[in-house]
Amino acid sequence: MKTDVWGSVQDRLRDDLGADAYKNWIEPLVFEGFEANVARFKAPTGFLGNWVSRNYSDKIQMLFSEHGADVARVEFATGVAKKAATAGTANPAPANAGKPAVPAAQSQATGSPELPGAPLDARFTFDAFVVGKPNELAHAAARRVAEGGPVTFNPLFLYGGVGLGKTHLMHAIAWEARRRDPNARVLYLSAEQFMYRFVQALRFKDTMSFKELFRSVDILMVDDVQFIAGKDSTQDEFFHTFNALVDQNKQIVISADRAPGEIDGLEERIKSRLQWGLVVDLHPTDYELRLGILQTKAESQAQHYPEVSIAPGVLEFLAHRISTNVRVLEGALTRLYAFASLVGREVTLDVAQECLADILRATDRKVTIDEIIRKVADHYNIRMTDILSAKRARAVARPRQVGMFLAKTLTSKSLPEIGRRFGGRDHTTVIHAVKKIEELRAIDSQIAEDVEMLRRMLEA
């Protein structure tokens with residue numbers, strides 16, 4: 001009887017409040033039954049219980065009465081209980097039935113069960129993160145945040161190219177923070193999800209619940225923050241959320257593909273606040289780190305494919321040839337193990353080249369214009385934004401010409417495309433830059449040395 005009534009009330013609440021507000025505030029509640037005309041619920045946190053009590057208890061009481069239940073009061077206690085299936089809904093067997101139980105810390109798919117964040121990947125832990133020189137500072141900073149307690153930097157801003165470990169570290173922070181304190185409110189989501197939830201809150205006139213939800217967390221992690229660039233209303237809400245959390249001494253972790261000052265379309269006040277804390281660049285992996293990642297991955301794969309053997313030199317070959325993206329590197333090794341297991345062959349160098357022909361071809365032209373601009377800016381100790389700007393000072397113009405020359409010689413991009421990527425310049429400007437650097441290389445040993453050093457760094 002009690003389940004039938006609560007199921008009917010839930011249906012009405014879902015229709016009246018909207019799907020998002022229902023999912024955020026009503027779905028986490030566990031209805032425990034009636035006691036002396038009191039409808040009793042358990043809420044996963046005191047915050048959620050208090051919010052529902054203030055905003056929805058009268059409505060819940062009214063809906064109970066409409067469905068024939070004599071309810072004088074609705075009460076919410078804090079606790080964790082397993083939800084009962086609502087009327088008319090089967091209780092399906094868990095997807096992992098018959099498999100080893102997932103550790104409690106890893107069963108929280110979004111970091112904290114009551115928070116509507118993105119799912120966490122159980123593979124992305126600190127133990128599974130291979131540390132090397134290019135990422136040691138980022139790893140140490142992420143560890144410090146996950147340990148809890150006072151942190152001298154806030155926010156922690158991680159940036160770097162695709163497949164360098166930003167998302168892995170953010171997931172690892174969430175897992176470790178939850179392991180150390182199961183009651184910690186840890187929210188991880190992408191900037192796109194942040195924007196979507198804000199738009200939904202505006203649509204359903206539920207901005208207050210959005211604000212209270214995002215400003216009540218202990219750790220807020222937003223991935224790919226460059227996505228909100230150019231979206232004024234979302235940036236405004238992100239700015240106020242950022243300030244509110246910092247004022248409460250709550251930790252913020254942000255990731256992006258570029259440094260804060262290099263994200264076009266991001267408001268200056270947000271750039272300034274993102275640079276308050278610790279800004280860490282995850283550099284492209286070096287050979288030693290890539291080899292370490294492959295060795296760790298091979299140990300894991302060997303547990304699933306004990307019959308597969310890897311010939312000497314294969315891992316070293318992969319670490320040398322696939323250098324730009326760790327995900328591609330790991331995917332290549334996974335493909336080799338699967339192939340060798342299916343056809344019953346040892347993974348030799350010839351087998352690797354045959355099986356991974358498409359990946360190896362794709363990595364032959366691995367240098368990108370973004371990488372060239374970044375390397376040139378680092379080498380000449382100037383900002384990337386200076387290279388892309390209209391500045392004509394020699395200290396900026398010459399590195400810009402070097403960058404255009406390298407883009408012409410190391411990539412297959414057209415002259416108009418190169419000009420566009422270097423701040424919207426005309427293709428004739430690129431032609432002039434290429435000719436100028438070719439002339440200077442013959443008469444200026446410093447320019448020749450700079451170009452050769454940068455070329456080797458980019459092709460390494």
Side-chain angles (χ1 to χ4, degrees), residues 20 24 108-112 114-121 124 138 141-142 145-146 151 153-162 164-178 184-202 207 210-282:
D20 275 1
N24 289 343
Q108 316 297 342
T110 61
S112 295
E114 74 280 1
L115 297 178
L120 297 176
D121 193 324
F124 291 167
V145 168
V151 178
F153 48 86
N154 195 17
L156 170 61
F157 189 98
L158 305 172
Y159 77 95
V162 175
L164 297 183
K166 303 184 300 296
T167 298
H168 188 142
L169 285 176
M170 296 181 83
H171 284 228
I173 290 171
W175 287 128
E176 182 65 14
R178 289 287 296 165
R185 292 176 58 80
V186 181
L187 177 56
Y188 164 81
L189 76 172
S190 68
E192 181 180 9
Q193 289 170 314
F194 181 90
M195 186 196 74
Y196 170 77
R197 293 195 171 278
F198 178 60
V199 170
Q200 289 294 94
L202 291 175
T207 55
F210 175 91
K211 292 175 184 291
E212 295 214 16
L213 173 66
F214 279 90
R215 299 178 192 189
S216 67
V217 300
D218 297 311
I219 301 178
L220 174 64
M221 294 185 287
V222 181
D223 209 352
D224 292 324
V225 77
Q226 74 274 359
F227 182 83
I228 68 172
K231 300 172 176 65
D232 294 341
S233 297
T234 303
Q235 288 192 59
D236 190 55
E237 183 56 39
F238 178 80
F239 174 79
H240 292 303
T241 298
F242 183 101
N243 285 343
L245 290 174
V246 169
D247 289 345
Q248 299 174 56
N249 294 318
K250 304 299 185 182
Q251 185 65 43
I252 303 172
V253 183
I254 307 291
S255 82
D257 60 356
R258 285 155 284 170
E262 297 165 3
I263 302 177
D264 294 332
L266 200 62
E267 294 179 5
E268 288 300 324
R269 59 178 182 170
I270 294 180
K271 290 182 181 180
S272 174
R273 278 158 177 76
L274 292 178
Q275 292 170 323
W276 267 357
L278 178 61
V279 178
V280 181
D281 181 5
L282 280 86

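Keep in mind that what you see is a predicted model, and the values were worked out from it rather than measured. Here, residue 1 is the first one in the sequence, and each next residue gets the next number.
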Exercise. Taking the side chain as every heavy atom from C-beta outward, state whether Ile254 and Leu220 have any atom pair closer than 4.5 Å.
Key: no
Self-check item: Thr241 and Phe198, any side-chain heavy atoms less than 4.5 Å apart
Solution: no
Quiz item: Any side-chain heavy atom of Val217 within less than 4.5 Å of one from Tyr188?
Solution: no
Practice problem: Under the salt bridge (charged side-chain N to carboxylate O under 4.0 Å, His left out) rule, collect the residues that match up with Arg273, sequence neighbours excluded. | Solution: none
Practice problem: Can you measure from CZ (Arg269) to CZ (Phe239) and round to the nearest 0.5 angstrom? | Solution: 4.5 Å
Practice problem: Please state whether the rings of Trp276 and Phe242 are parallel, tilted or perpendicular, taking 30° and 60° as the class boundaries. | Solution: tilted
Exercise. Using a 4.5 Å cut-off on heavy atoms from C-beta on, say whether the side chain of Val253 contacts that of Leu169.
Key: no
Quiz prompt | Side-chain donor/acceptor of Gln248 to backbone N/O of Arg215, under 3.5 Å | solution = yes
Practice problem: Using the salt bridge (charged side-chain N to carboxylate O under 4.0 Å, His left out) rule, collect all pairs that involve residues 243-263, keeping only residues at least two apart or in two chains. | Solution: Asp218-Lys250
Practice problem: Please check if the side chain of Gln235 supplies one atom and the backbone of Ile228 the other of a donor-acceptor pair under 3.5 Å. | Solution: yes
Practice problem: Identify, with sequence neighbours excluded, every residue that meets side chain to side chain contact (heavy atoms under 4.5 Å, CB included) alongside Ala177. | Solution: Val186, Ile219
Quiz item: Where do Leu156 and Val151 land on the side chain to side chain contact (heavy atoms under 4.5 Å, CB included) test, with the steps shown first?
Solution: CA-CA 10 Å; Leu156 170 61; Val151 178; over 6 Å; no
Self-check item: Which residues share a side chain to side chain contact (heavy atoms under 4.5 Å, CB included) with Tyr196, sequence neighbours left out
Solution: Asp20, Gln200
Quiz prompt | side chain to side chain contact (heavy atoms under 4.5 Å, CB included) partners for Gln275, two or more places apart | solution = Pro260
Self-check item: 4.5 Å side-chain heavy-atom contact, Asp224 and Glu192
Solution: no
Quiz item: With Val199, which residues qualify under side chain to side chain contact (heavy atoms under 4.5 Å, CB included), at least two apart?
Solution: Met195
Quiz item: Are the side chains of Asp121 and Thr167 in touch, meaning some heavy atoms are under 4.5 Å apart?
Solution: no
Quiz item: Is the shortest heavy-atom distance from the side chain of Phe194 to the side chain of Phe214 under 4.5 Å?
Solution: yes
